[in-house]
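Proteins come first, then strands; the chains are lettered A, B, ... in the order of their sequence lines, and each starts at number 1.
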There are 2 protein chains.
Amino acid sequence: MGYLRTGELARRAGVNVETLHFYERKGLLPEPPRRASGYREYPAESVRLIRFIKRAQELGFSLNEIHELLALRVRPGVTCAQVRERAERKSAEVRRKIADLKAIERALRKLTASCSGRGPVAICPVLEYLEGDML
Amino acid sequence: MGYLRTGELARRAGVNVETLHFYERKGLLPEPPRRASGYREYPAESVRLIRFIKRAQELGFSLNEIHELLALRVRPGVTCAQVRERAERKSAEVRRKIADLKAIERALRKLTASCSGRGPVAICPVLEYLEGDML
DNA sequence: CTAAGGCCCGTACCTTGGTACGGAGTCAAG
DNA sequence: CTTGACTCCGTACCAAGGTACGGGCCTTAG
């Protein structure tokens, strides 16, 4: 059988069953077909979807934003131009996050380096990257 | 005078006063000196600290994690080795976030590209990056 | 066929990260 | 020396994102 029941999907995706129901109510997870008994039958690829949601959350996207990301598929009723515009906006946002994370990473590396040798250590390297005029 | 009162700090950092008190209670914002009346006197650099906290939140760090980041300053009582180890762990986490964001950005760019010309569009480019074996 | 374990759904509860309120004291311009 | 804006603190409330519970039906190995 190429389908998963709730518990199996939850186990494979590393969340619990209630979370799946919760995502379904929120519209993040499309309602899967049911068997006669009412049991859900998820396609196997749902695992990737759930994991995507979890990763995106760790990257600072809210469930609403993730919804927007997932809605960025070209479908009848939505024009290409609309999709493109939203994609570009999101893309800019993502690039900015990357830049900020790189700055943090640089600061952390500096801290590691300053600690690996002897000699005086920086006072607060983590905040260092803020020296530039960041609004 | 080189100090800020609560309202001024809040205004400059783009948060509101209650948030400052909240951060102080949580230990994220060190308790500033007070004048006789009880009014807080923040050093001007607190603005950067608050902004750092807000940015880090947008990058998916919880207040507790931000606390850990901020605690990564070398101080008496903490050995260099400890600081270094924590910094390295955080650094790995940050690199992973960067990699994930880059994948998302690639997917978004592909989507933009597929939409800019004529021709058939991808079905769900945003999820595409998950094709690789990502756990 | 029957018992253990899944699943259904609804409701209640929880944590995180704030916001709002309100009474009382403080500061500074006029 | 008053008046309006600011500050204090405590308590209450709020939204997001789940988590737990419980009664009742399904399923499947033995």
Output yes when B:R95 and A:E105 qualify as a salt bridge under the 4.0 Å nitrogen-oxygen rule, no when they do not.
yes
Minimum heavy-atom separation for A:Y42 and A:R5, please, with both atom names.
CD1-C, 4.3 Å
Under a 4.0 Å heavy-atom criterion, DNA chain D is touched by chain B from D:dC6 to D:dC9
Would you kindly give the CD1-to-C1' distance between B:I53 and C:dG18, to the nearest whole Å?
13 Å
NZ/NE/NH1/NH2 to OD/OE distance under 4.0 Å, B:R11 and B:E8
yes
Whichever of A:Y39 and B:R5 has its nearest DNA chain C nucleotide further upstream toward 5':
A:Y39
Close residues, residues 15-35 of chain B, relative to DNA chain D [heavy-atom separation under 4.0 Å]:
B:H21, B:R34
Short side-chain N/O contact to C:dC8 OP1/OP2 from A:T6, under 4.0 Å:
yes
Tell me the closest heavy-atom pair linking A:A10 and A:N16, and the distance in Å.
CB-C, 3.9 Å
Ordered by number, residues from residues 61-68 of chain B within less than 4.0 Å of DNA chain D (heavy atoms) are none
State whether a side-chain donor-acceptor pair under 3.5 Å links B:Y3 with B:R35.
yes
B:E41 CD to C:dT26 P, straight-line distance once rounded to whole Å
15 Å
So, OP1 or OP2 of C:dG18: does either fall under 4.0 Å of a side-chain N or O from B:Q57?
yes
Partner set under side-chain contact (heavy atoms from CB on, under 4.5 Å) for B:E88, not counting sequence neighbours:
A:T112, B:R84
With a 4.0 Å cutoff (strictly under), does any side-chain N or O of A:R40 reach OP1 or OP2 of C:dC9?
yes
Name all residues meeting the side-chain contact (heavy atoms from CB on, under 4.5 Å) criterion together with B:Y23; count only those two or more places apart in sequence or in a different chain, and write none if there are none.
B:T19, B:L28, B:L29, B:I50, B:I53, B:K54, B:Q57, B:L63
List the residues meeting salt bridge (charged side-chain N to carboxylate O under 4.0 Å, His left out) with A:K90, not counting sequence neighbours, and say none if there are none.
A:E68, A:E93
For the NE2 atom on A:H21, are there more than 12 heavy atoms of other groups (residues, nucleotides or ligands in this structure) within a distance under 6.0 Å?
yes
Please find the pair of heavy atoms, one from A:E65 and one from A:G60, that lie closest to each other, and give the distance.
OE1-O, 3.7 Å
Can a donor-acceptor pair be found, under 3.5 Å and without considering hydrogens, that links the side chain of B:K97 to the backbone of A:L101?
no
